[in-house]
Amino acid sequence: MRLNPITLSFKADHKPLEKEFLYEYYTQSLFQFRFALVLALIFYDLFAFLDSAVVPDADNILWIVRFYVVTPVLLLAMGLSFTKSFHKYMQAVIMVAWGITGFGIILMTHIVSAKGVYSYYAGLILIFIFGYTFIRSRFINASIIGWLLVIIYEIDALWISPIPRDTFVINNFFFIGANIIGMFTNYSQELSSRRDFYLKKLLVEEQEKVTAANEALEKRVKERTIQLTTTNIELNKEIEQRKLHEQERNKLEVQLLQLQKMETIGTLAGGIAHDFNNILTPILGYTEMAMEELDEDSNLMYDIEQIYNAAIRAKDLVQQILTFSRQVEVDKKPLQMHQVITEVLNLVKASFPSNIQIIQNLDPSCGTIMADATQIHQVIMNLSTNAYHAMLDVGGTLKISLKAIEANQAMIRRIPKLELKTYICTTIQDTGHGMDKQTLTRIFEPFFTKKEVGVGSGLGLSVVHGIVSSYEGAITAESEVGKGTTFNIYLPQYSSKDSNNNLSRKKVQKGKEHILFVDDEEEITFMGKRMLESLGYSVSVHTKSLTALEEFTSNPSIYDLLVTDQTMPYLLGTELIRKVRELKPRIKAIIITGYGDSISEETKIKEKIDAVVIKPLILSNFSNLIRKVLDEKNN
């Protein structure tokens with residue numbers, strides 16, 4: 001190992017090692033450097049109590065040196081140690097910090113010597129201990145700073161401070177002795193570090209040689225082995241790929257068939273819902289007209305209101321069917337979970353056998369969630385049906401509970417999708433046959449099912465998971481074979497107060513304009529005529545779009561509004577509006593439809609449709625909409 005005996009730097013052919021050593025010396029010294037700075041700050045500032053005890057009349061000046069000069073420098077050095085490029089100037093920072101702290105001691109020694117105190121030089125000995133040992137300064141840098149402090153002290157002691165001669169000699173003996181001992185200690189430390197670094201480099205080089213020889217030998221063995229096994233591996237790979245492709249093809253065929261079934265069911269459900277809407281329209285219309293004619297204290301009012309409320313619930317059920325068939329958009333609004341759960345249980349009770357008991361523990365004051373009632377209905381219905389299937393053979397108990405909970409850190413660690421806020425927790429627990437761990441890990445995968453063919457599609461729980469996730473919630477499942485299954489659904493609380501979802505009627509608005517009402521269902525046109533005439537309007541009704549167009553053509557000036565069904569023989573509602581406006585461009589137009597998405601936003605703008613009403617018609621809403629459309633000025 002070739003080193004400069006004074007600077008200890010690598011020289012000659014070892015000189016390229018210097019830069020690498022300095023960086024390793026930096027990485028090994030950084031923690032010790034910071035720790036030494038912390039100790040220096042503690043001791044340097046702690047000795048402020050000594051100032052008050054020894055020289056109370058000068059402690060203010062000494063504290064300025066300690067707290068306003070030296071301490072900021074040490075803190076700045078600590079801050080710089082956390083910068084990315086600190087390795088480039090660490091030694092320079094050490095020299096500056098050491099020099100300023102040492103100069104601070106000399107300055108305080110000068111101040112207290114005027115008060116007859118000559119013991120503060122001992123602080124320089126502590127500075128040398130820190131500088132030469134703890135703070136990991138290089139030997140050449142430490143020697144320069146150490147002797148520079150000695151020179152400054154000597155100048156102050158000989159020509160500036162009134163230090164007695166015998167005290168000066170004794171102080172020098174200890175002071176210079178400590179500096180020389182520190183130099184030798186520092187020299188030994190750096191020399192030892194360089195020797196360890198060099199030996200490590202030699203060891204690494206020898207290890208690399210051995211590794212290279214081993215790798216060369218292993219390479220030869222592998223080449224021979226590869227030559228013998230490559231053909232066999234490629235053959236096995238081709239066989240496995242063919243098997244895999246065959247399995248994937250069969251799986252995709254099954255999934256495609258299932259999706260086609262679901263699409264067919266959705267289309268059928270949408271058609272049934274549309275027909276049911278047409279049936280509900282006259283029921284709701286006549287009921288509302290009857291309620292308008294009855295006094296509030298009439299004996300029949302309560303009975304009619306019950307019919308009205310039941311029809312509204314039927315309307316919501318149709319909305320669920322249309323959502324299932326993807327024919328309406330999701331309608332989010334504040335929702336009370338206990339009402340949805342109660343509705344679902346009322347529906348499924350009839351299909352549950354007597355050996356399955358249902359236990360409810362629902363907190364009606366747990367607040368509301370912001371969600372679509374149909375989707376939440378679908379979630380509860382799906383999980384309840386799964387519980388029913390799990391207990392079908394032997395019976396059991398279905399427990400459903402509802403409460404508000406505050407998510408804490410422990411819950412978030414267990415369920416990462418949760419956040420620190422309030423959730424409405426729905427727990428659905430059954431005592432059925434349960435699931436093993438392997439099945440439990442796959443239950444939310446699309447098309448995964450353990451049920452018999454024809455019993456389940458394998459889409460239920462994946463849809464449930466998707467719905468819950470779309471509301472920024474979480475769902476967990478726990479199960480044990482033979483003991484049952486528990487699902488916990490966490491949905492963010494929207495409000496801690498109950499929303500007012502009563503079915504009270506709104507005030508109807510009347511008018512005197514002339515309305516042309518067209519629908520291919522005779523019951524709806526008859527009901528529409530009665531409904532609108534009860535509001536004061538003049539109404540002409542038609543069940544055929546072409547006949548309606550002929551009547552309008554004969555006298556277009558008498559009509560103020562066209563209300564038409566969208567799906568009719570011969571002419572669609574949009575086509576009828578277009579032809580009517582060729583005769584009277586400024587006439588208002590409203591389309592009624594049983595399919596929420598049959599009229600796109602683009603079509604509404606293009607055809608200048610003033611409003612779209614989803615069947616069934618509700619008198620209060622319909623009357624307000626008609627009044628709003630008629631009162632709007634034409635653009």
Side-chain angles (χ1 to χ4, degrees), residues 6 36-74 77 91 93-190:
I6 298 175
L37 283 180
V38 172
L39 290 178
L41 281 166
I42 293 173
F43 283 110
Y44 212 93
D45 294 341
L46 195 62
F47 281 122
F49 295 105
L50 184 64
D51 298 338
S52 298
V54 177
V55 281
D57 53 342
D59 58 356
N60 289 338
I61 300 175
L62 298 178
W63 286 6
I64 290 173
V65 175
R66 290 184 187 276
F67 297 114
Y68 292 96
V69 178
V70 176
T71 297
V73 170
L74 295 178
Q91 291 297 322
V93 171
I94 290 175
M95 291 178 69
V96 172
W98 185 5
I100 291 178
T101 52
F103 181 76
I105 294 294
I106 294 172
L107 182 59
M108 287 189 287
T109 302
H110 170 77
I111 293 170
V112 300
S113 63
K115 308 293 183 180
V117 178
Y118 309 111
S119 58
Y120 267 54
Y121 82 94
L124 282 174
I125 297 177
L126 289 177
I127 295 297
F128 286 150
I129 293 174
F130 272 88
Y132 280 119
T133 58
F134 294 153
I135 211 162
R136 300 286 287 181
S137 176
R138 285 197 58 204
F139 168 73
I140 186 64
N141 299 334
S143 300
I144 292 172
I145 295 298
W147 284 109
L148 181 62
L149 292 176
V150 169
I151 293 171
I152 294 173
Y153 176 78
E154 296 297 329
I155 293 173
D156 178 73
L158 287 173
W159 293 293
I160 301 176
S161 299
I163 299 177
R165 181 67 56 184
D166 56 343
T167 301
F168 170 74
V169 172
I170 294 171
N171 288 357
N172 269 343
F173 178 79
F174 290 108
F175 178 55
I176 296 175
N179 187 49
I180 294 172
I181 292 172
M183 286 178 60
F184 280 113
T185 303
N186 185 262
Y187 189 93
S188 299
Q189 284 182 341
E190 184 173 348

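- Counting heavy-atom neighbours within 6.0 Å of Phe67 CZ, excluding the residue itself, gives a total above 12.
- Using a 3.5 Å distance cut-off with no hydrogens or angles, the side chains of Asp45 and Thr71 do pair a donor with an acceptor.
- With values rounded to the nearest 0.5 angstrom, Phe134 atom CZ is found 10.0 Å from Leu126 atom CG.
- With contacts defined as side-chain heavy-atom distances shorter than 4.5 Å, the pair Thr101/Ile105 does not qualify.
- Here the CZ atom belonging to Phe103 is positioned 11.0 Å from the OG1 atom belonging to Thr109, to the nearest 0.5 angstrom.
- In this structure, the separation between CD1 on Ile61 and CZ on Arg66 is 13.5 Å, given to the nearest 0.5 Å.
- A heavy-atom distance below 4.5 Å is found between the side chains of Phe128 and Leu149.
- Heavy atoms only, all atoms of each residue included: Gly104 and Val70 are closest at CA-CG2, 4.3 Å.
- Considering CD1 of Ile160 and NE2 of His110, their distance stands at 6.5 Å, rounded to 0.5 Å.
- Separating the CG atom in Leu50 from the CG atom in Asp59 is a distance of 11.0 Å, to the nearest 0.5 Å.
- Between the side chain of Trp98 and the backbone N or O of Ala142, no donor-acceptor pair lies under 3.5 Å.
- Considering every non-hydrogen atom in both Ala97 and Leu74, the closest pair reads CB-CD2, 4.3 Å.
- Under the 4.5 Å side-chain criterion, counting only non-hydrogen atoms from C-beta, Tyr153 is in contact with Asn171.
- A donor-acceptor pair under 3.5 Å is absent between the side-chain atoms of Arg138 and the main chain of Glu190, judged by distance alone.
- Two residues are said to be in side-chain contact when any heavy atoms from C-beta on lie closer than 4.5 Å; Ile181 and Thr185 meet this criterion.
- Annotation: side chain of Val54 is not in contact with side chain of Phe47 (no heavy-atom distance under 4.5 Å).
- Between atom CD1 of residue Ile176 and atom CD of residue Glu154 there is a gap of 5.0 Å, rounded to the nearest 0.5 Å.
- The local environment of OH in Tyr187 is crowded, with over 12 non-hydrogen atoms from other residues, nucleotides or ligands closer than 6.0 Å.
- Here the shortest heavy-atom pairing between Lys115 and Asp57 reads NZ-OD2, 3.5 Å.
- Nearest heavy-atom pair, Val93 versus Ala77, reported as atom, atom and distance to 0.1 Å: CG1-CB, 3.7 Å.
- Counting non-hydrogen atoms of neighbouring residues, nucleotides and ligands closer than 6.0 angstrom, the CD1 atom of Ile6 reaches no more than 12 such neighbours.
- Gly131 and Ser137 get closest at one heavy-atom pair: O-CB, 3.7 Å.
- With hydrogens and angles disregarded, a donor-acceptor distance shorter than 3.5 Å links the side chain of Asn186 to the backbone of Phe139.
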Practice prompt. Please assess Trp147 against Ile180 for the test side-chain contact (heavy atoms from CB on, under 4.5 Å), listing each intermediate value before the final yes or no.
Written response: CA-CA 9 Å; Trp147 284 109; Ile180 294 172; 4.0 Å; yes
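- For the pair Tyr132 and Asn179, the minimum side-chain heavy-atom distance is below 4.5 Å.
- In terms of heavy-atom proximity, Gly102 sits nearest to Leu124 at O-CD2, 3.6 Å.
- Put simply, the side chain of Val112 reaches to within 4.5 Å of the side chain of Leu62, judged on heavy atoms.
- Put simply, the side chain of Val55 does not reach to within 4.5 Å of the side chain of Met108, judged on heavy atoms.
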